[in-house]
Each structure stands twice: as C-alpha cells, then as structure tokens.
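Remarks on the structure that follows.
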Amino acid sequence: MNFPSQKLKRIARLEGTPTFVYSEKILKANVARILDASHEHGLAGRIGLYIAYFCNSNPHLFEIITREKVGILLQTQEEYLQIKSRCLSAKTIVSPSVLSDQEIDFWVKKTVPINLSSFEEVRYFIKH
C-alpha cells in the first residue's frame, strides 16, 4: 500500500499512534496467494496458515482473517480471552516461549494445540 507521508501524518494526528493502516483487499490477496501456493506444491491439507495475534491485535483485522479461514497464533491467555470476547472462532494454536504448569492446564482445558518448548513442559503435559 502506498500512502503519501502527509496522509500518514494526518492519520497519526487524528487517530494517535500507534495506528495500523492496512488494505483488506491486499490482505485477502496475500492470503489467497499463500494458500494457492500450498495447493500448487502439494501441501494443501498438510500445512496450516496462522497469523500472530500479538503482532496486531486489531479486532477488525482478525475478523477478516477468520473469514478467510486462517488461524490465529496466540502467546498468552489474555490474547485467547480477547479473541473469545470478540466472538472470533478461528483455529488457534499457542506458541509461547515458556509455559507454567498452570498455563499448560489452561490450554489443555480449552483444547487449544500447544507448541511446548522444553522437556519439562513435555514431561508435565504427558504426566497430567
């Protein structure tokens, strides 16, 4: 998307910063391009496309992402509660850097797939 700097300055002045400017048309085209490439290379059904919520937790943006059948990558319980409060029902996966036993229990109860990052986390997950 190509915006003249004057328009961006006006948006920042009116809306404050940080403000995210995006094109729904370009977002949809990029999602389609990625999914088309997965089909062309025989990966359809073997990979999943997830967009990290923490990069831009704009609810309107994630409504588009959900409609496009793209998943949401989460890092925290707070992010999960935010997407649920906005009734976003996309596929989700959790991929934080470190999880406590209580956090593992939370994700298991919610039946959200988890990327575990240590042997201790794996041991706890298997044991409980």
Side-chain angles (χ1 to χ4, degrees):
M1 212 164 43
N2 200 359
F3 268 76
S5 65
Q6 286 304 99
K7 281 190 177 183
L8 291 175
K9 288 178 184 174
R10 182 167 186 258
I11 290 169
R13 189 173 62 254
L14 292 172
E15 300 298 329
T17 59
T19 297
F20 300 95
V21 179
Y22 59 91
S23 164
E24 183 171 340
K25 181 179 175 182
I26 292 171
L27 174 64
K28 287 179 174 182
N30 285 338
V31 167
R33 187 168 49 97
I34 293 167
L35 295 176
D36 289 347
S38 74
H39 286 284
E40 286 176 33
H41 296 282
L43 299 172
R46 294 176 46 203
I47 63 168
L49 178 58
Y50 291 81
I51 296 179
Y53 186 76
F54 59 87
C55 290
N56 181 358
S57 56
N58 179 319
H60 182 254
L61 178 67
F62 278 88
E63 287 171 5
I64 297 166
I65 289 165
T66 300
R67 284 195 309 267
E68 294 300 305
K69 306 293 187 233
V70 174
I72 303 174
L73 177 110
L74 303 171
Q75 286 193 317
T76 68
Q77 293 175 29
E78 179 185 347
E79 291 171 351
Y80 176 83
L81 297 173
Q82 287 175 12
I83 66 167
K84 291 304 174 188
S85 74
R86 293 181 172 101
C87 298
L88 297 175
S89 58
K91 300 174 291 183
T92 54
I93 190 166
V94 179
S95 190
S97 55
V98 177
L99 285 168
S100 69
D101 296 348
Q102 293 80 15
E103 290 171 312
I104 293 171
D105 292 340
F106 175 86
W107 296 116
V108 168
K109 286 177 188 168
K110 300 297 181 186
T111 66
V112 175
I114 311 166
N115 286 331
L116 300 171
S117 62
S118 70
F119 289 123
E120 292 80 18
E121 290 175 359
V122 172
R123 261 188 241 113
Y124 180 83
F125 181 83
I126 291 169
K127 191 174 181 180
H128 296 92

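Note: hydrogens, waters and symmetry copies are ignored here, and every other heavy atom, side chains too, is used.
The number of heavy atoms from other shown groups lying within 6.0 Å of NZ (Lys84) is above 12.
When the side chain to side chain donor-acceptor pair (under 3.5 Å) test is applied to Arg10, no partner is found at least two apart in sequence or on another chain. Every residue two or more places apart in sequence or in another chain that forms a side-chain contact (heavy atoms from CB on, under 4.5 Å) with Val112 is listed here: Tyr80, Thr92, Val94, Trp107, Lys110. For Thr76, the side-chain contact (heavy atoms from CB on, under 4.5 Å) partners two or more places apart in sequence, or in a different chain, are Glu78, Glu79. For Gln77, there are no side chain to side chain donor-acceptor pair (under 3.5 Å) partners two or more places apart in sequence or in a different chain. Listed by chain and residue number, nothing satisfies the side chain to side chain donor-acceptor pair (under 3.5 Å) test with Asp36 (two or more places apart in sequence, or in another chain). By the ring pair (Phe, Tyr, Trp, His ring centres under 6.0 Å) test, Phe54 is found to be paired with no residue, residues two or more places apart in sequence or in another chain being considered. The side-chain contact (heavy atoms from CB on, under 4.5 Å) check on Lys7 picks up Phe3, Pro4, with sequence neighbours excluded.
Note on Leu35: it does not cluster hydrophobically with Ile93, by side-chain heavy-atom contacts below 4.5 Å among ILVMFWY residues. Hydrophobic clustering (side-chain heavy atoms under 4.5 Å, transitive across Ile, Leu, Val, Met, Phe, Trp, Tyr) keeps Leu81 apart from Leu73. A single hydrophobic cluster is not seen to contain both Val108 and Phe119; linkage of ILVMFWY side chains at heavy-atom distances under 4.5 Å, directly or through other members, places them apart.
Across all their heavy atoms, Ile104 and Ile114 have their closest contact at O-CD1, 4.2 Å. Nearest heavy atoms, Ile72 versus Tyr50: N-CD2, 3.5 Å.
Counting side-chain heavy-atom gaps under 4.5 Å among Ile, Leu, Val, Met, Phe, Trp and Tyr, Val98 is found in no cluster with other residues.
A distance of 4.5 Å separates CD in Gln102 from OG in Ser100, rounded to the nearest 0.5 Å. Here the OG-CG distance, from Ser95 to Leu116, works out to 9.5 Å after rounding to the nearest 0.5 Å. To the nearest 0.5 angstrom, Thr17 atom OG1 is 13.5 Å from Lys9 atom NZ. To the nearest 0.5 angstrom, Ile51 atom CD1 is 6.0 Å from Leu27 atom CG.
Residue pairs meeting the side-chain hydrogen bond (donor to acceptor under 3.5 Å, both in side chains) criterion with at least one partner in residues 119-128, sequence neighbours excluded, are Asp105-Tyr124, Ser117-Glu121, Ser118-Glu120.
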Going by atom type alone, with no hydrogens or angles, which donor-acceptor pairs under 3.5 Å involve a side-chain atom of residues 59-68 and a protein atom two or more places apart or on another chain?
{"residue": "His60", "atom": "ND1", "partner": "Tyr22", "partner atom": "OH", "Å": "2.5"}
{"residue": "Thr66", "atom": "OG1", "partner": "Phe62", "partner atom": "O", "Å": "2.7"}
{"residue": "Arg67", "atom": "NH2", "partner": "Glu24", "partner atom": "OE2", "Å": "3.4"}

Side-chain atoms of residues 40-47: list all donor-acceptor pairs with protein atoms under 3.5 Å, sequence neighbours left out, distances to 0.1 Å.
none

